[in-house]
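Excluded from the calculations below are hydrogen atoms, water molecules and symmetry mates; all remaining heavy atoms, backbone and side chain alike, are included. Start at 1 and go down the list; that is how both ligands and their atoms are numbered.
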Amino acid sequence: MLPGDFPRHLFMVGCGNMGGAMLSRWLSQGLDADRVTVLRPSGASVGPGVMVVTEAPTELPAGSIVILAMKPQQWSTVAPAVGPLVRQSVATLSLLAGVPLAVLQDGVPGFGGFVRAMPNTPVAIGQGVTALYADSDFPADQRSGIDALIAPLGSAEWLADEDQFNLFTALGGCGPAYVFRFIDALARAAESLGMDETQARRVALATVRGASSLAAASDETPGALADRVASPGGMTREGLDVLDADSALAGLLTDTLRAARDRGEELARLAANAG
Ligand SMILES: NC(=O)C1=CN([C@@H]2O[C@H](COP(=O)(O)OP(=O)(O)OC[C@H]3O[C@@H](n4cnc5c(N)ncnc54)[C@H](OP(=O)(O)O)[C@@H]3O)[C@@H](O)[C@H]2O)C=CC1
Ligand SMILES: O=C(O)[C@@H]1CCC=N1
């Protein structure tokens with residue numbers, strides 16, 4: 001069920017992997033399809049009853065929230081077309097990775113209703129985590145509408161400092177990809193050592209799902225839970241010693257997050273200058 005103060009209408013600019021994951025969750029939680037309009041160049045359907053347009057309309061229904069869900073690099077070309085609609089919105093949520101509020105505001109001068117949001121694809125099953133950031137121009141009384149919009153998708157965290165946004169994106173926004181890669185690598189490792197491919201995939205996935213659920217339900221840290229698996233002198237410790245040697249896994253993940261985070265700054269430049 002949707003929260004009572006869920007926005008009256010959503011106007012989505014783009015509806016691909018991320019926008020589509022959010023929309024499918026809202027619809028599954030009871031959002032009426034006629035409270036959504038999607039702008040996408042292909043005009044492809046996004047679901048029964050949802051209006052899809054290929055050009056920006058001139059007006060939005062009262063109480064609309066605009067959601068920018070196209071690629072960051074497209075902002076400078078999309079802004080002139082959607083700027084008049086952004087101005088009509090009670091708030092405009094930007095999913096554009098890396099793109100700072102200042103670049104969004106340059107595209108629609110004088111509009112103070114931008115909110116940056118960084119969800120991840122588990123929102124599709126209500127288990128996402130979304131970072132939110134707005135500056136002091138954003139009307140305080142609109143925050144509850146944003147909270148209501150995000151609540152059906154999982155948890156949310158308002159960031160106090162926009163400088164943290166790219167790092168959050170690297171962890172929360174990109175993170176599912178790294179976890180999927182880990183599951184895949186775990187399965188392939190077992191396969192390379194002699195396990196049947198299908199069985200390796202099934203067991204790797206079940207193990208990650210069970211371990212993740214246990215960690216979420218436990219009062220103990222993941223580090224403590226790992227130690228509980230590793231019986232003294234047993235098998236697990238031999239494996240952990242490989243992951244821990246020279247901080248191999250920790251170093252690899254730090255490099256991974258750093259590379260993703262730093263790409264955010266390049267995306268900001270592309271968003272400001274492309275087109
Ligand atoms: N994928 C993810 O896990 C996450 C993505 N994001 C952000 O979400 C945004 C979208 O990413 P993602 O969904 O992966 O990308 P996709 O390529 O899957 O979707 C992009 C969407 O933008 C539409 N589009 C293209 N050009 C225009 C245009 N000129 N005007 C309006 N819409 C247009 C496309 O339309 P059509 O389908 O018709 O071609 C498509 O629906 C990005 O800014 C990204 O940073 C944020 C968090 C996580
Ligand atoms: O890869 C990207 O740029 C987007 C941002 C977070 C996840 N996908």
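Under the 30°/60° scheme for interplanar angles, the aromatic rings of W26 and F6 are found to stand perpendicular. Aromatic ring orientation, F111 versus F114: perpendicular (interplanar angle above 60°, classes split at 30° and 60°).
In this structure, atom 8 (N) of ligand 2 lies nearest to the protein heavy atom G173 O, 4.6 Å. Residue, atom and distance of the protein heavy atom nearest to atom 3 (O) of ligand 2 are A97 CB, 4.0 Å. Scanning the protein for heavy atoms near atom 1 (O) of ligand 2, the closest one is C174 SG, 4.9 Å.
Protein residues are said to neighbour a ligand when one of their heavy atoms lies under 4.0 Å from it; for ligand 1 these are V13, G14, C15, G16, N17, M18, L39, R40, P41, S42, A69, M70, K71, P72, Q74, V78, L95, L96, A97, M118, P119, T121.
In terms of hydrophobic clustering, with Ile, Leu, Val, Met, Phe, Trp and Tyr side chains grouped at heavy-atom distances under 4.5 Å, F11 and L31 are assigned to different clusters. Put simply, I65 and L68 are part of two different groups of oily side chains (I, L, V, M, F, W, Y) that touch within less than 4.5 Å, one to the next.
In this structure, atom 6 (C) of ligand 2 has a protein heavy-atom contact shorter than 4.0 Å.
The environment of CZ in R188 is sparse: at most 12 heavy-atom neighbours from other residues, nucleotides or ligands sit within 6.0 Å. Environment of CG in D141: crowded, with over 12 heavy atoms of neighbouring residues, nucleotides or ligands closer than 6.0 Å.
Taking the centre and axis of the six-membered ring of F165, the NZ or CZ atom of R116 falls inside the cone set by 45° and 6.0 Å.
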Chi angles and distances behind the salt bridge (Lys or Arg N to Asp or Glu O under 4.0 Å) call for R35, D32 = CA-CA 6 Å; R35 285 169 64 186; D32 285 338; 5.1 Å; no

